[in-house]
Each structure stands twice: as structure tokens, then as C-alpha cells.
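Notes for the one structure printed next.
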Amino acid sequence: MVTGILSQALSDALTASGIEAPDEIHLERPARREHGDWSSNVAMATAKNAGKNPRELAGEIVAHIEANPPTVVKSVEIAGPGFVNFHLYDTWLHDVLTNAVTQGTDNFGRSETGAGQAVNVEFVSANPNKPLHAGHARGACYGDAIARLLERTGHTVTRETYLNDRGVQMKLFADSLAARKRGEEPPADGYQGEYLIEWAAEMPDDADPAVWGYERALKSHSATLESVGIHFDVWFSEKSMIESGAIDATLTALAERDMTYTNDDALWLKSTEFGDDKDRVLVKGDGDFTYLAPDIAYHRDKFSRSPKLINVFGADHHGYIKRMKAAMAALGQDPDDLEIIITQLVDLERDGKEFRMSGRSGDMVYFDDVIAEVGPDATRFTYLMQSVDSRQTIDLDLLISKAMDNPVYYVQYAHARISNLVRKAGEAGQTRGDKVDLALLTHERELDVLRALSTLPETIERAAAERAPHAITNWTREFAAAFHGFYHDCYVVGDGVSAELTQARLWLVEASRVGLVVGFDLLGLSAPESM
RNA sequence: GCCUCCGUAGCUCAGUCGGAUAGAGCAGGGGACUUCUAAUCCCAAGGUCGCAGGUUCGAUUCCUGCCGGAGGCGCCA
């Protein structure tokens with residue numbers, strides 16, 4: 001890696017100046033081309049402790065590197081307040097190309113950061129009593145992208161979703177469904193959504209609404225998720241823990257650790273001992289569990305299967321974090337092994353009306369509606385375009401009317417052009433061979449493509465570490481822009497293009513394909529051969 | 001009142017492990033199709049990075065306070 005060579009050179013230069021080099025030397029890509037290919041602030045960062053002026057130290061570093069230049073370094077200079085800027089020979093980018101082609105879509109951008117680490121990612125976890133709505137879609141697309149990123153960085157991932165298939169809300173659901181079946185309105189505190197009318201019509205007369213309705217909801221969820229290519233390894237049933245005795249066993253385990261007490265006939269968890277704001281009730285005065293008891297049992301079960309848990313929850317579950325971490329600590333787990341990611345809520349607008357994707361009201365925009373209107377790729381891309389730390393506003397009318405302008409087509413079009421190029425070249429008797437002179441790739445557009453390509457591995461690393469798949473979305477847009485520019489200005493086959501240049505460009509095209517496909521795979525997008 | 005997230009161009013959003021002239025798409029303005037798909041490309045325009053302090057050689061980025069928006073603070077889930 002070129003960064004390794006450069007940081008070694010900087011480290012050696014510091015040593016020569018009698019300064020101990022920091023463990024990690026920061027190298028960055030300057031925002032402006034004239035500042036070179038790579039830049040380091042190491043002189044500014046170390047000058048103070050060394051009792052030197054930053055520019056003076058930078059001068060010493062530059063002099064040392066100029067006297068012993070690594071082969072890729074064309075020139076090195078001091079700039080601004082003390083940056084050390086490297087200008088490299090284009091070969092470093094040609095090496096990026098070779099690397100991408102050699103590694104292919106399976107291995108390019110793959111890292112071993114998470115090698116040997118198993119991670120359980122829980123997401124969606126929607127109540128099995130209504131169709132998934134457009135708010136669930138965010139967590140679904142996000143959770144799946146996180147799983148994909150973790151896999152790319154070497155982790156072994158289990159995708160899991162939790163089913164609240166018992167308790168008060170399931171009874172209300174069954175009652176509401178039964179009422180619809182009789183042609184009546186649901187109970188006032190029941191489920192008002194119109195989907196229940198459809199479901200009731202499908203339900204056989206002799207069916208048990210609780211059982212049949214639950215199955216129907218599950219079928220709805222899995223069909224919706226299937227249509228965007230999301231699959232869970234585990235659909236975990238809350239009810240199964242009643243049958244297995246896992247909840248009672250968990251309460252026993254907590255009691256044995258002296259983490260519970262009884263007050264007002266209720267069983268409490270001493271969660272304040274682990275940073276929670278107040279103690280929490282596990283078993284109510286009437287003997288029923290609160291939601292917390294099965295949830296704790298569920299997480300205990302997950303920990304028995306995986307050392308690291310990631311939960312993706314909506315913003316309305318923010319208050320849940322402290323208490324669940326406290327509960328895990330009470331069970332003797334390291335709470336840091338439970339990571340809870342909060343995705344901010346989605347606001348939807350349709351016909352100038354705002355929809356809130358929460359609550360029991362029937363007014364919903366369903367996940368299926370969005371997919372049906374714009375297709376699975378645009379759905380995924382839209383949800384993965386921005387950070388989950390910000391609230392997302394989706395204007396469905398705008399999304400539909402602009403469906404053809406969706407940025408997903410911009411990036412997919414780049415892939416379609418690649419497929420077309422390869423086909424056209426083949427028709428002209430030009431296929432990519434083993435003999436190639438990459439030194440022919442000197443056009444600024446070609447180099448721009450390779451510069452963009454060179455950032456993919458580090459972008460993946462960072463996106464995975466920061467749980468930020470939107471960084472990949474942005475990368476695909478940037479890369480596609482570079483590729484479209486190349487496509488426009490650099491013909492691969494045709495008059496005036498030598499066979500050798502065609503060959504070199506076919507290699508660049510293949511490297512581009514590898515990069516795009518890796519990016520698409522991380523986002524769960526298809527890679528169309530034509531559009 | 002307490003806790004979490006957000007506030008960047010007309011709109012939707014990136015960027016921020018402190019760095020050199022803050023970016024993209026859309027909308028609006030001007031250009032480019034006799035060669036691989038114009039779902040493309042190029043140019044111009046658009047900003048007190050919510051406000052005020054603090055730390056720093058340097059703050060949109062870190063800290064504090066305030067203002068504004070969203071969500072959460074149950075023996076609901």
C-alpha cells in the first residue's frame with residue numbers, strides 16, 4: 001500500500017531529525033489537486049512537543065525525503081502552515097487498477113478487520129400484527145447494509161429479527177381481526193388499519209384469529225422483505241421463551257446475582273446500579289411480565305449464541321438503551337458488547353399530507369407501497385442516502401414523480417455502460433487480454449476514475465467501523481461521476497484509439513466494474529447490464 | 001425538567017477522529033449529440049456552516065450556554 005510507504009518515509013525523516021515518530025502518521029487526500037496526491041500534517045502535529053516551528057520541521061522532513069525518495073514519489077513539498085505534500089507518479093494509480101482486477105468482486109475492498117468475530121445484527125423486529133410501513137423500511141435497509149459491511153470486513157454475521165408474538169398487543173390484534181371478520185369496527189384501542197379488512201376477508205371462518213392473523217402478518221413481512229432482497233437467518237419468537245422457560249430462567253439468574261427485589265407485589269430489576277435512571281419492573285403486581293422481562297431473556301439468549309450484539313432500533317426506543325445495557329450488566333455481560341444503534345424516524349408526505357410512521361392509527365404508508373412505486377433498487381438507495389442520525393423526510397409524490405431521476409439510476413447507468421463497452425469491444429474483436437501497458441493511462445479522466453477507485457477500500461473500512469452505509473452510497477455516486485466523465489472523454493474502441501490503448505482502457509473498465517459491483521453489493525443493489 | 005439526535009446553498013443532504021479556497025444532487029441560468037446508450041458531459045451562479053462564548057498556531061468540526069426542530073422519559077411495548 002502506498003500509504004505504508006509514505007508513512008514509513010515520514011517516520012524515517014522524523015527519526016533523522018531526532019524526533020520520535022507517532023504510532024500512527026496521519027495521511028490524507030488533499031481536497032485540492034495542486035496539493036498533491038497525499039498529504040500529512042505530521043510536522044504540525046509533532047512540532048510543538050519537539051520545540052520546533054512547524055514549517056521548519058516540515059522543511060527538514062522534505063529535505064530528508066528528497067534525499068531518499070521512495071520510488072513512487074515524484075516530488076514532495078512544504079505547503080501552507082506546515083503540510084508535507086506528496087506528488088506521486090501515476091504508477092501508484094495503475095497499481096490500484098491491477099489490484100482491483102486481480103482481487104475481483106469477491107475480494108476487492110475485503111478486509112480482515114473483523115476476522116474471527118461473530119456478530120448478531122438484530123433489525124426490523126416489527127410487531128407481527130400489521131404490514132411493515134415506510135418507517136420500518138429505513139431500519140430494514142440500514143440493518144441489512146450494516147450486515148453486508150460487517151461481512152465485507154471479515155465478520156461472521158447473523159441477521160436476526162424478533163417477534164413480539166405474545167402479550168397485550170397480540171390480543172388486541174386478534175380481537176380487531178375477529179371484529180372485522182364479523183363486519184364490525186375494531187375495538188377503540190384496537191388496530192384500525194384497513195389492511196385488517198382484507199385480511200379478515202382472507203381468513204377462513206373456522207380459523208383462530210390469533211393464530212391465523214399472526215401467520216398472515218409473518219407472511220406479509222417476509223414477502224415484503226423478500227422483495228427487496230432482505231433475508232433473516234433467525235426469526236426469534238418471544239412466545240417460544242415462555243414454552244422453553246427462558247424467561248423464568250432469566251429471572252432466576254438475575255435473582256441469584258441479587259439483582260432483583262420485590263416491592264408493591266412487583267418484581268424489580270436493580271438497573272440503577274448499572275447506570276439506569278430508575279429501577280425497572282420485570283413482573284407486574286398482577287403477575288404478568290412487563291415487556292422488559294422477555295426482552296432481557298431474549299438478549300441473554302442472543303449472548304449465549306453470539307459474543308457481540310448489534311440492535312438497530314427506531315428513535316422511539318432511545319430510552320431503551322440504558323435499561324437493556326444495565327440488564328446485561330446485571331447478568332454479568334459486558335454492556336459494551338451490546339451496541340444499540342438508533343435510526344431517526346422517517347416522515348412521509350403524500351398528497352401534501354404528513355404521515356407519522358408510528359402509533360396505532362391506520363394512516364400508514366406501507367413499505368410495499370414504496371417498493372411498488374419506485375422499485376427495490378431506488379427504495380434501498382433512497383433509504384441509504386443519508387445518515388441515520390438525521391431525521392429523514394420522504395415526499396412520496398416527489399419520489400415517484402422523480403423516479404426516473406433517482407440517483408440510483410445514475411450509478412447503475414455507469415454499470416450498464418461498462419457492460420455495453422465490453423460487449424462493443426468484443427464485437428470489434430477486442431477482448432481484455434493478459435498483455436497490457438497501463439502506462440498508457442495518463443488522461444486526467446482515467447486518473448480520476450482510478451483516484452476514486454483507490455478510496456473504496458478505506459471507505460468500506462470506515463463505513464463498517466462507523467456503521468455508516470451512506471458513505472458507500474456517496475462513494476458510488478462519486479465513482480459513477482468519475483466514470484461517466486471518462487466515458488464521455490475517452491473512447492475505448494473506435495477510430496483513433498490504438499489497440500494498445502483499447503487494451504489498457506478495457507483493464508480500467510474491468511477495474512471500474514469490480515469497484516461498482518462491490519459498492520452495489522454492499523448496498524444490496526442490482527447491477528444491470530443494460531438500461 | 002432530564003436524556004438522545006438534528007440545525008450547512010432556494011430544496012434534499014454530504015463533509016466534521018481540528019487543518020490549506022466548505023461539496024453534491026435537485027430547482028433556476030448558459031452550452032455540448034456525424035464514432036462505445038445524452039438516464040451523460042461541461043460552464044456560470046448560489047453560503048454570516050442556528051446564535052454567543054471558550055480551548056487552539058488554526059474551529060463548520062471539540063467544550064459550555066442559549067435558540068429552533070424531532071423523539072424518549074409508564075407496573076404500555
Side-chain angles (χ1 to χ4, degrees), chain A residues 24 26 28 30-32 34-35 39 41 44-45 47-48 53-54 79-83 85 127 164 167-170 189 238 263-268 277-278 280-292 294-295 314-323 342-345 347 356 358 382 385-395 398 402 404-414 416-425 427-428 430 445 462 465-466 470-471 473-474 477-478 480-481 483-497 502 505 509 530-531:
Chain A
E24 196 167 321
H26 186 66
E28 64 183 22
R32 309 183 63 78
E34 61 265 35
H35 292 147
S39 177
N41 66 354
M44 292 178 286
K48 198 172 182 181
N53 166 305
F83 288 101
N85 292 346
N127 285 343
N164 288 100
V168 181
Q169 83 285 349
M170 285 308 285
D189 54 354
E238 176 183 358
N263 188 28
D264 290 339
D265 294 331
L267 184 70
W268 296 72
D277 304 321
K278 55 179 78 166
R280 305 286 168 179
V281 174
L282 297 171
V283 181
K284 298 187 272 186
D286 63 8
D288 285 345
F289 298 129
T290 63
Y291 71 95
L292 201 54
D295 275 9
D316 50 344
H317 281 69
H318 144 254
Y320 186 96
I321 299 175
K322 269 189 186 177
R323 67 196 67 160
I342 293 298
T343 66
Q344 295 301 312
L345 299 181
D347 281 335
R356 286 289 146 103
S358 59
T382 300
M385 263 193 305
Q386 72 180 76
S387 161
V388 293
D389 287 341
S390 329
R391 197 156 143 243
Q392 185 171 31
T393 306
I394 293 180
D395 183 330
L398 196 63
K402 295 271 182 190
M404 297 316 282
D405 296 331
N406 193 293
V408 75
Y409 299 118
Y410 182 84
V411 301
Q412 288 185 319
Y413 187 46
R417 281 181 149 177
I418 287 171
S419 302
N420 198 50
L421 277 174
V422 172
R423 191 170 51 78
K424 286 280 184 185
E427 286 169 4
Q430 299 262 33
R445 294 291 210 174
R462 190 156 178 162
E466 297 181 2
H470 71 280
T473 315
N474 288 335
R477 295 180 75 168
E478 279 166 25
F483 187 82
H484 285 311
F486 158 76
Y487 183 92
H488 188 269
D489 287 357
C490 302
Y491 279 82
V492 175
V493 285
D495 296 344
V497 183
T502 293
R505 287 180 172 166
V509 165
S530 65
M531 289 174 70

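Numbers restart at 1 for each chain; the letters A, B, ... are given by sequence-line order, proteins then strands. What you are looking at is a predicted structure, and each value in this text was computed from that prediction instead of being measured.
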For [X], which contact category applies under a 4.0 Å heavy-atom criterion: base, sugar-phosphate, or nothing?
| X | answer |
| --- | --- |
| A/Lys322 | nothing |
| A/Ser39 | base |
| A/Asp264 | base |
| A/Ile342 | nothing |
| A/Gly494 | nothing |
| A/Arg32 | base |
| A/Glu34 | base |
| A/Ser387 | sugar-phosphate |
| A/Asn406 | nothing |
| A/Asn85 | base |

Which base sits across from [N] as a Watson-Crick or G-U pair, both distances under 3.5 Å?
| N | value |
| --- | --- |
| B/U4 | B/A70 |
| B/U34 | none |
| B/C13 | B/G23 |
| B/C49 | none |

Heavy atoms, side chains only, cut-off 4.5 Å: are [X] and [Y] in contact?
| X | Y | answer |
| --- | --- | --- |
| A/Val168 | A/Asp288 | no |
| A/Thr290 | A/Arg280 | no |
| A/Phe486 | A/Val509 | yes |
| A/Met385 | A/Arg477 | yes |
| A/Phe83 | A/Asn41 | yes |

Tell me: [atom1] of [X] to [atom2] of [N], nearest whole Å?
| X | N | atom1 | atom2 | value |
| --- | --- | --- | --- | --- |
| A/Leu398 | B/G25 | CG | P | 17 Å |
| A/His488 | B/C33 | NE2 | P | 9 Å |
| A/Tyr320 | B/G74 | OH | C1' | 16 Å |
| A/Arg280 | B/G74 | CZ | C1' | 9 Å |
| A/His470 | B/C6 | NE2 | C1' | 13 Å |
| A/Glu238 | B/C76 | CD | C1' | 13 Å |
| A/Lys278 | B/C73 | NZ | P | 10 Å |
| A/Glu28 | B/U16 | CD | C1' | 12 Å |

Which is it for A/Gln386 and A/Ser390 under the side chain to side chain contact (heavy atoms under 4.5 Å, CB included) test, yes or no, and what are the steps along the way? CA-CA 8 Å; A/Gln386 72 180 76; A/Ser390 329; 3.8 Å; yes
ring centroid sep under 5.5 Å plus plane angle under 30, A/His35 with B/A20: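 Yes, A/His35 stacks on the base of B/A20.
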Determine whether the aromatic ring of A/Tyr491 stacks with the base of B/U35, defined as ring centroids separated by less than 5.5 Å and ring planes inclined by less than 30°.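 A/Tyr491 ring centre within cut-off of B/U35 base, planes near parallel; stacks.
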Closer than 4.0 Å, any side-chain N/O of [X] to the OP1 or OP2 of [N]?
| X | N | answer |
| --- | --- | --- |
| A/Tyr410 | B/C41 | yes |
| A/Lys424 | B/U35 | no |
| A/Arg445 | B/C42 | yes |
| A/Ser390 | B/A14 | yes |
| A/His26 | B/G19 | no |
| A/Lys284 | B/C76 | yes |
| A/Arg462 | B/U16 | yes |
| A/Arg417 | B/A38 | yes |

Side-chain donor/acceptor of A/Thr290 to base of B/A77, under 3.5 Å: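 Such a pair does not exist between side chain and base.
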With hydrogens left out and only the distance checked, is there a donor-acceptor pair under 3.5 Å joining A/Tyr291's side chain and the base of B/A77?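 Yes, a donor-acceptor pair under 3.5 Å.
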Expected output: side-chain A/Asn85 to main-chain A/His35 donor-acceptor under 3.5 Å: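 Yes.
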A/Thr502 side chain vs A/Val492 backbone, donor-acceptor pair below 3.5 Å: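 Present.
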Ignoring the backbone of [X], work out which of [options] is nearest its side chain.
| X | options | result |
| --- | --- | --- |
| A/Arg391 | B/A20, B/C41, B/A70 | B/A70 |
| A/Asn41 | B/G19, B/A20, B/A77 | B/G19 |
| A/Gln386 | B/G19, B/C13, B/A77 | B/C13 |
| A/Arg477 | B/A77, B/G25, B/A20 | B/G25 |
| A/Asn127 | B/A77, B/G71, B/C73 | B/A77 |
| A/Asp316 | B/G19, B/G71, B/A14 | B/G71 |
| A/Asp389 | B/C6, B/A77, B/A20 | B/C6 |
| A/Phe83 | B/G19, B/U21, B/A77 | B/G19 |
| A/Tyr487 | B/G71, B/A38, B/G69 | B/A38 |
| A/His318 | B/U4, B/A14, B/C75 | B/U4 |

Does any donor atom in the side chain of A/Arg445 or A/His488 lie under 3.5 Å from an acceptor atom in the other side chain?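 No.
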